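Only one structure is covered here, and it is reproduced in the block below.
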Amino acid sequence: MNRTETYDAAVIGGGVMGCTTALHLARGGMWVTLIERAGLCGEATGRCGGTLSLMYVPAVLVPYAMRGRDLWKDAARWLGRDIGFNDRPGLDIAFTETDGEALGAEMGLRAAAGAPIEIIGGNRAREIEPALSKDVTAAAHCAQDGHALSYLSGVIFHRALSGAGVDVRVGTAVQGVEGGDRGFALRIGNGSLRARRIVLAGGAWMRRMIGWFGLDVPIICRVTQETISERMRPIVKSGIRVFRDISLKQAANGTVLVGGGRGSRWVEDADRQDIELEPLVVKRVMRDALDSARRAVPDLAAARAVRMWTGIEGIAPDNMPVIGPLPGAEGMFTIGCQRSGFTAGPFMGRLLADALLERQPEMPIFLPAFDPARLLTMAPVDRARGVPTV
Ligand SMILES: Cc1cc2nc3c(=O)[nH]c(=O)nc-3n(C[C@H](O)[C@H](O)[C@H](O)COP(=O)(O)OP(=O)(O)OC[C@H]3O[C@@H](n4cnc5c(N)ncnc54)[C@H](O)[C@@H]3O)c2cc1C
């Protein structure tokens with residue numbers, strides 16, 4: 001490969017979106033650098049629950065999530081190492097008639113988009129998962145859900161990226177980007193580097209990155225918690241979610257991971273998360289999440305939390321991804337802010353790389369629904385109402 005001082009592409013942000021985009025660009029013949037301010041997959045990607053579910057994504061993203069799940073299952077082939085994938089049917093449960101109806105309506109849209117989801121009653125749900133509470137009145141069941149060990153993703157991507165010839169720069173924050181006739185200049189530390197194309201893959205920092213180009217978009221950040229229990233005897237096999245509340249799953253080593261919950265917090269600026277999340281609030285959110293988990297699975301009454309952490313992600317007001325060319329700067333692209341983005345991430349990155357390599361992507365990626373330009377005229381998120389879920 002003829003390597004000049006100007007990269008064909010610089011990808012900024014080393015989560016699942018940036019890593020897969022960089023990997024496929026390099027495998028497609030481009031000279032690529034991936035720049036990550038900390039370690040690869042140290043933010044949302046490595047902190048997430050690793051659930052690969054078709055039941056959490058907006059309906060239009062179901063086909064993408066199905067392909068993403070398949071890619072994680074097949075990680076040994078394209079990433080060089082297995083990521084601890086296991087098939088884990090999902091159950092989204094409701095306790096009240098009202099929630100049961102809302103669950104049925106939401107899941108119907110996902111089923112119509114191709115997800116193999118069936119609506120079942122409480123008794124059938126308990127046949128599938130005997131540990132479920134007798135208070136469960138209805139559930140959605142997706143036999144094709146799965147799980148992967150998201151915390152392994154950084155190590156696995158690093159090896160694959162280096163093997164593909166990507167110039168991986170960790171511990172390197174990009175401070176800004178200037179455009180020009182001969183491509184872009186990226187400011188890093190005391191120096192700079194040049195690239196013909198830029199991919200912004202900053203997750204919760206996407207709004208700030210887009211701001212480098214004088215554009216303000218109403219991306220907001222959401223902070224969620226994950227709590228892990230001590231090892232317990234085998235209790236649940238499925239990935240369980242309480243409708244519009246927490247999710248829980250038990251690992252092979254017996255620990256139970258409880259994530260999300262009604263206590264998720266909206267924050268304006270990703271870097272202020274520690275300031276905006278006071279320890280007492282975090283404690284309450286964790287306690288509420290564990291209470292919900294115990295209500296769903298009474299055998300978790302004895303579960304003791306050993307550790308909790310938070311993660312942060314960027315969300316657009318319409319809850320759709322922000323993927324495509326950035327207006328006003330040829331050669332500048334974004335990828336991220338995707339609901340349940342760990343699931344579909346490997347596929348979205350591959351699709352964007354194919355588009356940049358001028359190959360026909362397997363599914364459309366430059367869709368109006370994903371277009372960053374749509375955000376320029378969009379109202380900010382109404383925090384009280386949240387964002388649409390389907
Ligand atoms: C707690 C939690 C649980 C979740 N659980 C699930 C789940 O179970 N299943 C699922 O499918 N999805 C889940 N998600 C969503 C999923 O984690 C995200 O959608 C996905 O990981 C986002 O990937 P990303 O690459 O866009 O962002 P990130 O992984 O956040 O990567 C962005 C990167 O950009 C870097 N960066 C920022 N600024 C700069 C800069 N100036 N210079 C260089 N680098 C920079 C950051 O350090 C970061 O590493 C969860 C999210 C959270 C927060």
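For ligands, and for the atoms within them, numbers begin at 1 and follow the listed sequence. In what follows, residues are counted from 1 in the order of the sequence shown. Quick caveat: nothing in here was measured; it's all calculated off a predicted structure.
Distances between N or O atoms of Trp212 and those of ligand 1 include no value under 3.5 Å. Considering backbone and side-chain atoms together, Gly341 places an N or O closer than 3.5 Å to an N or O of ligand 1. Where the criterion is an N or O separation shorter than 3.5 Å, residue side chain and backbone included, Ala204 fails it with respect to ligand 1. Any N or O atom pair closer than 3.5 Å counts here, and Lys249 shares no such pair with ligand 1. In terms of N/O distances under 3.5 Å, ligand 1 is approached by Ala44. In terms of polar-atom proximity, defined here as any N/O pair under 3.5 Å, Gln338 does make such a contact with ligand 1. Of the N or O atoms in Gly336, none lie within a sub-3.5 Å distance of an N or O in ligand 1.
Ranking the protein heavy atoms by distance from atom 4 (C) of ligand 1 puts Cys48 CB, 3.2 Å first. Distance from atom 9 (N) of ligand 1 to its nearest protein heavy atom, with residue and atom name: Thr51 O, 2.8 Å. Nearest non-hydrogen protein atom to atom 47 (O) of ligand 1 is Glu36 OE2, 2.7 Å. Protein heavy atom at the shortest distance from atom 21 (O) of ligand 1 is Thr45 OG1, 2.9 Å. If you check which protein heavy atom lies closest to atom 3 (C) of ligand 1, you get Glu226 OE2, 3.2 Å. Nearest to atom 44 (N) of ligand 1 among the protein's heavy atoms is Arg37 N, 3.1 Å. Protein heavy atom in closest approach to atom 41 (N) of ligand 1: Val174 O, 3.0 Å. Considering only non-hydrogen protein atoms, atom 16 (C) of ligand 1 sits nearest to Phe342 N, 3.6 Å.
Which parts of ligand 1 touch Ile312 is read off a 4.0 Å heavy-atom cut-off, strictly below it: atoms 53 (C). For ligand 1 and Thr172, the ligand atoms under 4.0 Å from any heavy atom of the residue are 43 (C). Ligand-side atoms of ligand 1 in range of Ile12: 42 (N), 43 (C), range being under 4.0 angstrom from any heavy atom. Ligand 1 places these atoms under 4.0 Å from at least one heavy atom of Trp205: 37 (C), 38 (N). Taking a cut-off of under 4.0 Å to the non-hydrogen atoms of Ile35, the atoms of ligand 1 that pass are 43 (C), 44 (N). In the vicinity of Thr343, heavy-atom distances shorter than 4.0 Å reach the ligand 1 atoms 10 (C), 11 (O).
Here Glu268 pairs with Arg383 in a salt bridge; the nearest charged N to carboxylate O distance falls below 4.0 Å. Residues Asp92 and Arg244 are not paired through a salt bridge, judged by the lack of any N-O separation under 4.0 Å between the basic side chain and the carboxylate. With respect to Asp70 and Lys73, no salt bridge is recorded, no charged nitrogen being found less than 4.0 Å from a carboxylate O. Salt-bridge check for Arg207 with Asp269: failed, with every basic side-chain N at 4.0 Å or more from each acidic carboxylate O. A salt bridge links Asp271 with Arg37: the closest approach of a Lys/Arg side-chain nitrogen to an acidic carboxylate oxygen falls below 4.0 angstrom. With respect to Glu226 and Arg307, no salt bridge is recorded, no charged nitrogen being found less than 4.0 Å from a carboxylate O. In this structure, Asp145 does not pair ionically with Arg69, as no charged nitrogen and carboxylate oxygen lie closer than 4.0 Å. Salt-bridge formation is detected for the pair Arg187/Glu178: a Lys NZ or Arg NE/NH1/NH2 atom is positioned less than 4.0 Å from an Asp or Glu carboxylate oxygen. A salt bridge does not link Asp245 with Arg241: every distance from a Lys NZ or Arg NE/NH1/NH2 to an Asp or Glu carboxylate oxygen is 4.0 Å or more.
With a 4.0 Å cut-off on non-hydrogen atoms, Thr310 does not touch ligand 1 at all. At a heavy-atom distance under 4.0 Å, no atom of Leu40 approaches ligand 1. In Ile335, neither the side chain nor the backbone holds a heavy atom less than 4.0 Å from any atom of ligand 1.
Remark: Leu352 CG to Thr21 OG1 distance equals 5.0 Å, nearest 0.5 Å. Note that CZ of Arg194 and CZ of Phe184 are 10.0 Å apart. Values are rounded to the nearest 0.5 Å. For the atom pair CZ of Arg304 and CD of Glu230, the computed distance is 4.0 Å after rounding to the nearest 0.5 Å. To the nearest 0.5 Å, atom CZ of residue Arg27 and atom OG1 of residue Thr20 are 10.5 Å apart.
Residue-ligand proximity: Ala201 is placed with a non-hydrogen atom under 4.0 Å from ligand 1. Between Val57 and ligand 1 there is no heavy-atom distance shorter than 4.0 Å. Within the 4.0 Å heavy-atom shell around ligand 1 one finds Gly202. For Ala173, the closest heavy-atom approach to ligand 1 falls below 4.0 Å. Using a non-hydrogen distance threshold of 4.0 Å, Gly50 registers as a contact of ligand 1.
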Let me check something: any side-chain donor-acceptor pairs from residues 365-380 under 3.5 Å, sequence neighbours excluded? List them with distances.
{"unit_1": "Asp371", "atom_1": "OD1", "unit_2": "Ala373", "atom_2": "N", "d": "3.0"}
{"unit_1": "Arg374", "atom_1": "NE", "unit_2": "Asp318", "atom_2": "OD2", "d": "2.7"}
{"unit_1": "Arg374", "atom_1": "NE", "unit_2": "Ala369", "atom_2": "O", "d": "3.3"}
{"unit_1": "Arg374", "atom_1": "NH1", "unit_2": "Pro321", "atom_2": "O", "d": "3.1"}
{"unit_1": "Arg374", "atom_1": "NH1", "unit_2": "Phe370", "atom_2": "O", "d": "3.1"}
{"unit_1": "Arg374", "atom_1": "NH1", "unit_2": "Asp371", "atom_2": "O", "d": "3.1"}
{"unit_1": "Arg374", "atom_1": "NH2", "unit_2": "Asp318", "atom_2": "OD1", "d": "3.0"}
{"unit_1": "Arg374", "atom_1": "NH2", "unit_2": "Asp318", "atom_2": "OD2", "d": "3.4"}
{"unit_1": "Arg374", "atom_1": "NH2", "unit_2": "Met320", "atom_2": "O", "d": "3.1"}
{"unit_1": "Arg374", "atom_1": "NH2", "unit_2": "Pro321", "atom_2": "O", "d": "3.1"}

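Of the listed options Met17, Gln225, Met209, Met209 places a heavy atom closest to atom 39 (C) of ligand 1. Comparing heavy-atom distances from atom 51 (C) of ligand 1 across Glu43, Glu313, Arg187, Met206 singles out Glu313 as nearest. Looking at Gly203, Gly13, Ala38 and measuring to atom 27 (O) of ligand 1, the nearest heavy atom belongs to Gly203.
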Quiz prompt | side chain to side chain donor-acceptor pair (under 3.5 Å) assessment of Thr389 paired with Glu106 | solution = CA-CA 8 Å; Thr389 46; Glu106 266 202 17; 2.5 Å; yes
Quiz prompt | Criterion ring pair (Phe, Tyr, Trp, His ring centres under 6.0 Å) on Trp72 and His147, from CA distance to verdict | solution = CA-CA 9 Å; Trp72 283 126; His147 182 249; over 10 Å; no
Self-check item: Verdict with supporting geometry, Val297 and Ile235, side chain to side chain contact (heavy atoms under 4.5 Å, CB included)
Solution: CA-CA 9 Å; Val297 178; Ile235 294 174; 3.7 Å; yes
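Cluster annotation: Trp212 is connected to Leu215 through the hydrophobic network of ILVMFWY side chains, with a link wherever side-chain heavy atoms come within less than 4.5 Å.
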